[in-house]
2 protein chains.
Amino acid sequence: MAASELDLEEPAEVDHIHDVAAARLRGTRQRYTSGRRALVRQLHDLHGPATISELQDGGSDSSTSSLYRNLAILEQCGVVHRVVAVDDTTRYELSEELSGHHHHLVCRNCGRVADLTLSDDVELALARAADQASRTSGFRVAAHNLEMVGTCEDCDPETA
Amino acid sequence: MAASELDLEEPAEVDHIHDVAAARLRGTRQRYTSGRRALVRQLHDLHGPATISELQDGGSDSSTSSLYRNLAILEQCGVVHRVVAVDDTTRYELSEELSGHHHHLVCRNCGRVADLTLSDDVELALARAADQASRTSGFRVAAHNLEMVGTCEDCDPETA
DNA sequence: TTACCTGCAAATGGTTTGCATCCCA
DNA sequence: TGGGATGCAAACCATTTGCAGGTAA
């Protein structure tokens with residue numbers, strides 16, 4: 001990307017994401033403040049869901065309580081999605097509506113989480129499995145999450 | 001099942017599970033106490049992963065700290081598996097080695113979690129997806145968890 | 001007779017909340 | 001200029017840990 005080194009946004013998708021976020025907040029009489037905008041921007045730039053402390057280390061200058069509050073508010077309006085991975089840490093990412101449908105790779109050693117997009121035929125198989133589960137279980141299945149658990153390249157002794 | 005109404009075990013699988021648990025503990029110089037045995041029995045009898053308070057309500061007479069300690073110890077020797085569902089509650093179940101490979105249905109309203117077994121062809125598709133992810137991502141994928149999220153019959157307004 | 005196990009109570013740590021202040025629509 | 005937003009510090013709550021008995025091998 002040839003974008004500016006500064007904090008200016010890359011126009012295309014990011015602007016759209018900001019527009020959606022602002023609209024969603026306006027809908028409930030809330031404001032798209034600079035802190036919230038920075039948060040959304042940060043979540044967009046990352047390659048996978050981030051923990052609170054990763055967000056703070058990543059340059060967020062909001063207080064911890066504001067981070068939690070804003071993430072909760074953005075989650076309520078469907079802009080942010082909360083993820084709890086096997087290592088028990090809570091992470092946040094943009095909602096699939098904004099980031100596209102995907103799944104996660106989780107490192108069982110360091111807790112790192114990366115996004116993973118499945119091929120269409122696997123997604124189709126999952127959708128059919130969801131239908132079948134709806135029919136046989138009494139649950140009305142609305143979504144599915146797949147987590148592939150393993151060891152990332154940094155933690156894999158075989159790779160080193 | 002025509003087993004006794006009392007607390008006597010059903011011989012078949014449960015005995016095997018107790019045997020495995022006892023052996024695993026012995027391997028690390030630990031004891032299969034009555035509290036641990038009761039815990040394993042309780043986890044076996046339930047239809048899905050249970051929370052600490054469900055275990056306590058379900059008749060466990062161990063102290064809370066012993067419950068946590070024993071679940072951690074049993075997890076370390078591969079008898080118990082910890083699950084964190086979307087609603088943030090930590091749950092425990094017998095490991096897949098003892099309960100068989102399965103996935104979970106989660107009610108996004110009440111947090112209830114039920115076991116779900118997928119058809120072989122879906123499992124095959126997932127295994128292939130895991131292979132592909134291993135090849136393309138740098139992660140060495142060792143396991144996968146699928147969570148179907150929806151509304152259980154008790155919480156579904158359409159069903160009522 | 002040494003370990004291991006248990007229960008109680010205190011400590012921990014991530015997350016939430018109360019409150020006073022700040023600030024934008 | 002009023003209602004939301006923020007920061008700080010205190011509160012909360014699930015989980016962990018220290019310690020002083022118990023208990024089994």
Side-chain angles (χ1 to χ4, degrees), chain A residues 18-19 21-42 49-77 79-93 111 113, chain B residues 18 21-43 49-77 79-93 111 113:
Chain A
H18 286 314
D19 289 348
R24 292 289 179 80
L25 288 168
R26 229 179 291 120
T28 53
R29 220 176 295 278
Q30 284 168 315
R31 299 171 190 162
Y32 198 41
T33 61
S34 59
R36 293 174 183 178
R37 191 182 185 88
L39 186 49
V40 166
R41 172 69 187 281
Q42 226 183 336
T51 63
I52 292 281
S53 59
E54 283 169 6
L55 292 169
Q56 291 176 316
D57 295 346
S60 169
D61 50 348
S62 295
S63 69
T64 306
S65 56
S66 288
L67 264 184
Y68 279 111
R69 266 193 284 236
N70 287 332
L71 287 166
I73 285 168
L74 290 167
E75 191 188 15
Q76 278 165 29
C77 42
V79 173
V80 160
H81 181 230
R82 190 191 338 193
V83 190
V84 182
V86 283
D87 75 328
D88 256 340
T89 57
T90 305
R91 292 170 177 270
Y92 300 86
E93 65 184 352
V113 180
Chain B
H18 285 314
R24 292 290 178 79
L25 287 168
R26 229 178 293 120
T28 52
R29 219 176 297 278
Q30 285 168 315
R31 300 169 189 162
Y32 197 41
T33 62
S34 58
R36 292 174 184 179
R37 190 181 187 87
L39 186 49
V40 166
R41 172 69 187 281
Q42 225 182 339
L43 291 174
T51 62
I52 292 280
S53 59
E54 283 169 6
L55 292 170
Q56 291 177 316
D57 295 347
S60 170
D61 49 349
S62 295
S63 69
T64 307
S65 57
S66 289
L67 264 184
Y68 279 111
R69 267 191 285 235
N70 287 333
L71 287 166
I73 285 168
L74 289 168
E75 190 188 15
Q76 278 165 29
C77 42
V79 173
V80 160
H81 180 232
R82 191 193 336 196
V83 190
V84 182
V86 284
D87 73 331
D88 255 339
T89 56
T90 305
R91 291 168 178 271
Y92 301 85
E93 64 184 353
V113 180

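As the structure is a computational prediction, the values presented were derived from the model and not from experiment. Here is how names work: the chains are called A, B, and so on, in the same order as the sequence lines, proteins then strands, and each is numbered from 1.
Formation of a donor-acceptor pair under 3.5 Å by the E93(A) side chain with backbone atoms of V83(A) is not found in this model.
Nucleotide dT17(D) holds its P atom 16 Å from the CG atom of L67(B), rounded to whole Å. Summarising the geometry, the separation between OH on Y92(B) and P on dA14(D) is reported as 12 Å, rounded to the nearest angstrom. One interatomic measurement links the two molecules: OH of Y32(B) to C1' of dT23(D), which rounds to 18 Å at whole-angstrom precision. Per the geometry, CZ belonging to R37(B) stands 14 Å off P belonging to dA24(D), to the nearest Å. For the pair I73(A) CD1 and dT16(C) P, the computed distance is 12 Å after rounding to whole Å. One can place CG of N70(A) at 15 Å from C1' of dT15(C), the figure rounded to the nearest angstrom. A straight line from CD1 of I52(A) to P of dG14(C) spans 11 Å, rounded to a whole angstrom. Atom P of nucleotide dA5(D) and atom CG of L71(A) are separated by 14 Å, given to the nearest angstrom.
Look at T90(A) and you'll find a side-chain N or O under 4.0 angstrom from OP1 or OP2 of dT15(C). Contact annotation: T33(A) reaches the phosphate of dT6(D) (side-chain N/O to OP1 or OP2, under 4.0 Å).
Nearer the 5' end of DNA chain C, as judged by each residue's closest nucleotide, is the contact made by S62(B), out of D88(A) and S62(B). Both R29(B) and D61(B) lie close to DNA chain C; mapped to their nearest nucleotides by heavy-atom distance, the more 5′-ward contact belongs to R29(B).
Counting non-hydrogen atoms under 4.0 angstrom, T89(A) reaches nothing in the nucleic acid.
Distance from the side chain of R69(B) is smallest for dG7(C) among the nucleotides dT15(C), dG7(C), dC5(C). The side chain of S63(A) sits closest to dC8(D) out of dC8(D), dT23(D), dC8(C). With dT6(D), dG2(D), dG7(D) as the choices, the nucleotide that has an atom nearest any side-chain atom of S65(A) turns out to be dG7(D). Checking dA5(D), dA14(D), dT17(D) against every side-chain atom of Q30(A), the shortest atom distance belongs to dA5(D). Candidate nucleotides dC19(D), dG14(C), dT6(D) were compared by shortest atom distance to the side chain of Y68(A), and dG14(C) ranks first. For R36(A), taking side-chain heavy atoms from C-beta onward, the closest of the listed nucleotides dC8(D), dA24(D), dA5(D) is dA5(D). Out of dT6(C), dT6(D), dG4(D), the shortest distance to the side chain of S66(A) is found at dT6(D).
Minimum interatomic distance between C77(A) and R24(A) (heavy atoms only, all atoms of both residues): O-NH1, 2.8 Å. The two residues G35(B) and S62(B) have their closest heavy-atom pair at CA-OG, 4.3 Å.
Every residue meeting the ring-ring contact (aromatic ring centres under 6.0 Å, His included) condition with Y32(A), not counting sequence neighbours, appears here in chain and number order: H18(A).
Summarising the geometry, atom OH belonging to Y68(B) is positioned 4.5 Å from atom CD1 belonging to I52(B); distances are rounded to the nearest 0.5 Å.
When side chains are defined from C-beta on, N70(B) does not count as touching V80(B), because their heavy atoms never get closer than 4.5 Å.
Side chain R31(B) to base dC5(C): no donor-acceptor pair is found below 3.5 Å.
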